[in-house]
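These notes concern the structure reproduced below.
For reference, positions follow the sequence shown, starting with 1. All of these numbers come straight from a predicted model, not from anything done at the bench.
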Amino acid sequence: MSATATNPAPTVLIAGATGYLGRFLVSEYARRGWQVRALVRREAELEAQIVRAEATRPETLSGIMDGVDLVISALGITRQQDGLSYRDVDYQANLNLLEEAERAGVPRFAYIHVLNADRMAHVPLVAAKSALVTRLRASPLASTVIAPSGYFSDMGDFLAMARAGRAWLFGSGQHRLNPIHGADLAAATARAIEAGRDWFDVGGPEVFTHEALARLAFDALDRPARITRLPDALRRLSLRLLPWLTPARIHGPALFFLSAMGGDMVGACHGTRRLADHFHSMT
């Protein structure tokens, strides 16, 4: 969509606008000529009209979607804090947004989910997201669910292991994934929404094995690759024990990471940005 004398620029409200993907979504829609409202908890410098509210408190959301043509939520917990759970944020806060969008008559609601959620239903983060998706798909609003394979920012764990001198992999290290840069994902998200897609499994342009990712990280540091393979049974045991041995802020993200490492995470290839360049930018 673009603005004309008779058709003003459409308006998008982006929740989670200060997160890794959210900032790229704000920039992408500003570039496309949309009026962008960025939902934030605290003041932030963004190419957008700043709307301060807390999605966990539905009374603060009243009226913020009036005149909005599209809502995109990239809202979710990356590290548990403030005493909030995945259920509080990834499900309930997003549900509050969806219900306000329904009241305001927003034409479409898009949500950033996760690839292969069905095989990770036991993970609290994924269970909360999946519950929201179930509610979204029952909504009278048109919807788009974006399910990315993983972000470039998530691949920092491989670089951290390389900096420490050794990468630890589970099993053969041959499971595959194609992480995607935030800018490429924002552009792919906008195209999927514009096309009216209801579901979009998406990843970056390059597919790696876990071993190849580790070697890429060592290459970026110009160090010889030192890789140790651990029995996959250890990963599975960790999935069972971590909830009993560690607090939620530790085992929450760990359960997601360990579950995702247990299989392929490959979405449709999109984008142009290369992970090697990203790693080099971080060294």
Expected list for residues 217-228: side-chain donor-acceptor pairs under 3.5 angstrom, two or more places apart:
unit_1	atom_1	unit_2	atom_2	d
R223	NH1	A162	O	3.1
R223	NH1	R163	O	2.8
T228	OG1	R166	NH1	3.0

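Residues meeting the salt bridge (Lys or Arg N to Asp or Glu O under 4.0 Å) test with E211, sequence neighbours left out: R215, R229. For R137, there are no salt bridge (Lys or Arg N to Asp or Glu O under 4.0 Å) partners two or more places apart in sequence or in a different chain. Applying the side-chain hydrogen bond (donor to acceptor under 3.5 Å, both in side chains) rule to R119 yields no partners; only residues at least two apart in sequence or on another chain are considered. Listed by chain and residue number, E102 satisfy the side-chain hydrogen bond (donor to acceptor under 3.5 Å, both in side chains) test with R135 (two or more places apart in sequence, or in another chain). The side chain to side chain contact (heavy atoms under 4.5 Å, CB included) check on E54 picks up R41, T56, R57, T60, with sequence neighbours excluded. With sequence neighbours left out, the salt bridge (Lys or Arg N to Asp or Glu O under 4.0 Å) criterion links E100 to R103. The ring-ring contact (aromatic ring centres under 6.0 Å, His included) search around F200 returns H270, not counting sequence neighbours. Scored by the side-chain hydrogen bond (donor to acceptor under 3.5 Å, both in side chains) test, T18 finds no partners at all (sequence neighbours excluded). With sequence neighbours left out, T144 forms a side-chain hydrogen bond (donor to acceptor under 3.5 Å, both in side chains) with R108.
Taking the six-membered ring where the residue is Trp, the centroids of F170 and H175 are separated by 6.0 Å or more.
Within the structure, ring pair (Phe, Tyr, Trp, His ring centres under 6.0 Å) contacts touching residues 116-151 (residues at least two apart or in different chains) are Y20-Y151. Identified under the side-chain hydrogen bond (donor to acceptor under 3.5 Å, both in side chains) test for residues 230-245, with sequence neighbours left out: D232-R235, D232-R236.
In this pair, H278 and F152 present their aromatic rings tilted. The plane angle is within the 30 to 60° band.
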